[in-house]
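Excluded from the calculations below are hydrogen atoms, water molecules and symmetry mates; all remaining heavy atoms, backbone and side chain alike, are included.
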Amino acid sequence: MASASDSSARSQVVRRVMVKEAVKADSTRLRIPLDSLLMLPAGASYTARSGRAHASVTVKRTGNVAAAKQQPTEPSGMTVYVETGCDSLERQCAYYEQENERLSVANSHLTATVSTKKKEEKTSPRVWVELLATFIAGLLLGGIITTILIQKKR
């Protein structure tokens, strides 16, 4: 039977408070004159970075490539792509992935510890003493019954 101290030790609850990390807002700007944007060669881009924020502007030409080379300032058949991002979300995702991995490892260790404790409880010395006492009682009872049966046959 478990004592009161055993049951109180098993019912302890661990509480962990997760605080969301405050991330300062970052921004960046690109100021590109239209004629510079139209003269941008294929595959090139304008980029800007400020802190964790970044931006990139590229121009893709579609349609008649030969005509676009002769008249690179003609906006027809051109598409402007603007890509922006902020590394703070990547950092926050990496933090939560690491925290999840750490908690998963801790959980597996706790699960292994609990199963080991359960096995130890099943094979504690008290259990062995009870098994030995039952075995000896069985031997004694078998001996008594054998003696009684032998006496009745005589």
Side-chain angles (χ1 to χ4, degrees), residues 1-139 141:
M1 181 173 186
S3 66
S5 63
D6 289 341
S7 64
S8 66
R10 290 182 188 159
S11 65
Q12 288 180 348
V13 176
V14 177
R15 292 186 185 169
R16 179 171 287 231
V17 178
M18 298 249 335
V19 179
K20 186 174 181 183
E21 182 182 344
V23 178
K24 182 182 83 94
D26 279 333
S27 64
T28 187
R29 293 176 187 233
L30 272 173
R31 185 176 290 219
I32 306 167
L34 186 57
D35 61 338
S36 296
L37 189 61
L38 293 174
M39 296 293 285
L40 192 65
S45 65
Y46 287 99
T47 59
R49 177 176 281 280
S50 173
R52 293 178 304 273
H54 61 274
S56 174
V57 177
T58 58
V59 175
K60 304 278 181 170
R61 291 176 173 77
T62 58
N64 189 350
V65 177
K69 284 183 181 177
Q70 290 174 357
Q71 298 175 340
T73 58
E74 181 61 40
S76 64
M78 298 175 78
T79 305
V80 176
Y81 291 92
V82 179
E83 180 183 341
T84 62
C86 185
D87 297 339
S88 62
L89 292 178
E90 289 181 35
R91 186 173 71 161
Q92 202 167 22
C93 287
Y95 166 77
Y96 286 126
E97 285 174 358
Q98 288 174 348
E99 187 68 9
N100 183 34
E101 179 66 26
R102 187 187 67 76
L103 291 174
S104 294
V105 169
N107 185 30
S108 65
H109 286 292
L110 287 174
T111 303
T113 302
V114 167
S115 67
T116 303
K117 289 286 185 186
K118 285 182 181 178
K119 287 178 184 175
E120 287 174 1
E121 287 176 4
K122 289 180 181 176
T123 59
S124 68
R126 181 175 162 221
V127 172
W128 291 111
V129 170
E130 290 173 0
L131 287 173
L132 182 62
T134 304
F135 179 72
I136 292 171
L139 284 176
L141 187 60

*Hey, could you give me the OG1/CG distance between Thr134 and Leu141, rounded to the nearest 0.5 Å?*
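These two atoms lie 12.0 Å from each other.
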*Which value, rounded to the nearest 0.5 Å, describes the distance between Gln98 atom CD and Cys93 atom SG?*
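Atom-to-atom, Gln98:CD and Cys93:SG are 11.5 Å apart.
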*Considering all heavy atoms of both residues, which atom of Met78 and which atom of Val59 are nearest to each other, and what is their separation?*
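Here Met78 and Val59 meet closest at CE-CG1, 3.3 Å.
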*Provide the closest heavy-atom pair for Thr116 versus Ala112 in the form atom of the first, atom of the second, distance.*
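Looking at all heavy atoms of both residues, the shortest contact is OG1-O, 2.8 Å.
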Taking side-chain contact (heavy atoms from CB on, under 4.5 Å) as the definition, give me every residue that meets it alongside [X], ordered by chain and number, with sequence neighbours left out.
| X | value |
| --- | --- |
| Val82 | Val57, Val80, Thr84 |
| Phe135 | Leu139 |
| Ser27 | none |
| Leu131 | Val127, Trp128 |

Hey, can you pull the donor-acceptor pairs under 3.5 Å for the side chains in residues 39-47, sequence neighbours left out?
none

*For residues 128-139, which residue pairs qualify under salt bridge (charged side-chain N to carboxylate O under 4.0 Å, His left out), counting only residues two or more places apart or in two chains?*
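Qualifying pairs, neighbours excluded: Arg126-Glu130.
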